[in-house]
Amino acid sequence: MPWFVKIEEGKVDKPTFDQYVVPAHKAYIQDLIAKGHKARTGYWAQQRGGMLLFEAASKDEAEAIVADDPLVQHGCVNYQLYEWRIVME
């Protein structure tokens, strides 16, 4: 399956983000992992935002996965979605 990367830029302050979104986002990622998408997520150390890396069958599926992310649903991030082609493992 192709890999996809969602690069995020935070739009809300950290206390709001942590209080309302982080638990839901963690549950969402756990669900993606359980469904076989090999999801990985993290945040930038020096600025607001982060990255989600995952497998999906197609760009359409990847877009649907991103649309379900609580970070997106609650308007906490701006993002770009890219298909990532691995050259070496």
Side-chain angles (χ1 to χ4, degrees):
M1 272 201 295
W3 282 91
F4 292 87
V5 179
K6 177 178 64 132
I7 304 292
E8 307 162 343
E9 178 186 0
K11 292 171 40 178
V12 298
D13 61 80
K14 185 159 174 43
T16 301
F17 184 87
D18 289 346
Q19 181 178 2
Y20 296 107
V21 182
V22 170
H25 180 68
K26 286 182 177 180
Y28 161 79
I29 297 300
Q30 289 172 334
D31 186 56
L32 287 179
I33 293 167
K35 290 178 178 174
H37 292 284
K38 299 181 184 175
R40 303 292 183 263
T41 191
Y43 61 91
W44 310 124
Q46 281 79 27
Q47 63 191 39
R48 293 191 301 186
M51 184 174 84
L52 170 62
L53 177 67
F54 63 98
E55 285 186 333
S58 66
K59 178 78 181 242
D60 288 341
E61 183 183 29
E63 289 172 352
I65 286 170
V66 168
D68 285 341
D69 188 338
L71 299 180
V72 173
Q73 291 181 342
H74 293 284
C76 293
V77 295
N78 290 319
Y79 70 89
Q80 297 291 322
L81 179 64
Y82 302 98
E83 183 174 344
W84 184 45
R85 297 205 175 156
I86 297 173
V87 176
M88 289 184 68
E89 291 189 55

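As a basis for the values below, the full set of heavy atoms in this structure was taken, side chains included, without hydrogen atoms, waters or symmetry mates.
D60 is listed as a side-chain neighbour of E63, based on a closest heavy-atom distance under 4.5 Å. For the pair F4/E61, no side-chain contact is recorded, criterion being any heavy-atom separation below 4.5 Å from C-beta on. Residues I65 and K6 form no side-chain contact, since every pair of their non-hydrogen atoms from C-beta on lies 4.5 Å or further apart.
At least one donor-acceptor pair under 3.5 Å links the side chain of T41 to the backbone N or O of M51.
Annotation: the span from I7 atom CD1 to N78 atom CG amounts to 13.0 Å, rounded to 0.5 Å. The NE2 atom of H25 lies 10.5 Å from the CD atom of Q30; values are rounded to the nearest 0.5 Å. From H74, atom NE2 reaches atom CG of D69 across 9.5 Å, with rounding to the nearest 0.5 Å. With values rounded to the nearest 0.5 angstrom, K11 atom NZ is found 10.5 Å from R48 atom CZ.
Placement of I29 and Y79 within a single hydrophobic cluster is found when ILVMFWY residues are connected by side-chain heavy-atom separations under 4.5 Å, directly or transitively. By the rule that hydrophobic residues join a cluster once side-chain heavy atoms approach within less than 4.5 Å of another member, V66 and L32 end up as members of one cluster. L71 and W44 are assigned to two separate hydrophobic clusters, defined by single-linkage of ILVMFWY side chains at heavy-atom distances under 4.5 Å. Placement of V77 and L81 within a single hydrophobic cluster is found when ILVMFWY residues are connected by side-chain heavy-atom separations under 4.5 Å, directly or transitively. Under the 4.5 Å side-chain contact rule for hydrophobic residues, I33 and L52 share a cluster.
Residue G75 comes nearest to V12 through the heavy atom pair O-CG1, 4.3 Å, listed as atom of the first residue, atom of the second, then distance. Among all heavy-atom pairs drawn from A57 and P2, the shortest one is O-CD, 3.9 Å.
Under 4.0 Å is where a charged nitrogen must lie from a carboxylate oxygen, and between R85 and E83 at least one such pair does.
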